[in-house]
Each structure stands twice: as structure tokens, then as C-alpha cells.
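One structure is given below, encoded as C-alpha cells.
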Amino acid sequence: GLCELGFQVEGVDIDESLIEALKANQPRGHDREIVALLRKYQPGRLTFRAVRDSSSKADVYVLTAPTPFSVQTLELRHIHQCLDDIFQKT
């Protein structure tokens, strides 16, 4: 992945409880492969922050936010919120 290539990767989310769970190596669903990656790269090349936290030193951003959809539309409001925060703060 990107961490293995030497990039500093930062996950940003509007869900602060998810961010805290990821920081504690406890992702939702408890996928063993994800837990292993979290343990391998945290702290270090992989960090997570809530949208409200303005600190950022990443090379790569991984956005995780709800994207509700229907047959005709995809709701990107939360993704736009994350992008606005990243580019206003960096």
C-alpha cells in the first residue's frame, strides 16, 4: 500500500468515534488484515484525524465519509466537507 511505499497517509473522517476506534486499532468490523495494517503503520506513516482537527502533515489523504445514494443520485456532501477542510487548512 501507500505506507509501504513510504508515503505519510492520513485518514480524515467526520465521525470522531470512528477516528478514535481506528487510532486504537479497532476498526468497525474488526477485519484482521486491517487490524494488522493499523498496528504495523501506527504511529508512524498512518494517522487519522477528525475533520475538525486542523493539523495535517500527510502526503496522501484517505477520505472515509458517508456517500448515500439512490438510483439517480450520489450524495457527496460529506466528501466535499472533508475536501474543503483539507484544502483550507493545508
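Residues take their numbers from the sequence shown, with the count starting at 1. Because the structure is predicted, anything quoted here is derived from the model rather than measured.
Atom CZ in Arg49 sits 11.5 Å away from atom CD in Glu16 (nearest 0.5 Å). Going from atom CZ of Arg45 over to atom CG of Leu5 covers 9.0 Å, rounded to the nearest 0.5 Å.
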Donor-acceptor pairs under 3.5 angstrom involving side-chain atoms of residues 33-44: please list them, not counting sequence neighbours.
{"residue": "Tyr41", "atom": "OH", "partner": "Glu4", "partner atom": "OE2", "Å": "3.3"}
{"residue": "Gln42", "atom": "NE2", "partner": "Leu22", "partner atom": "O", "Å": "2.9"}
{"residue": "Gln42", "atom": "NE2", "partner": "Asn25", "partner atom": "OD1", "Å": "2.8"}

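Annotation for Ile19 and Gly11: closest pair CD1-O, 4.2 Å, computed over non-hydrogen atoms.
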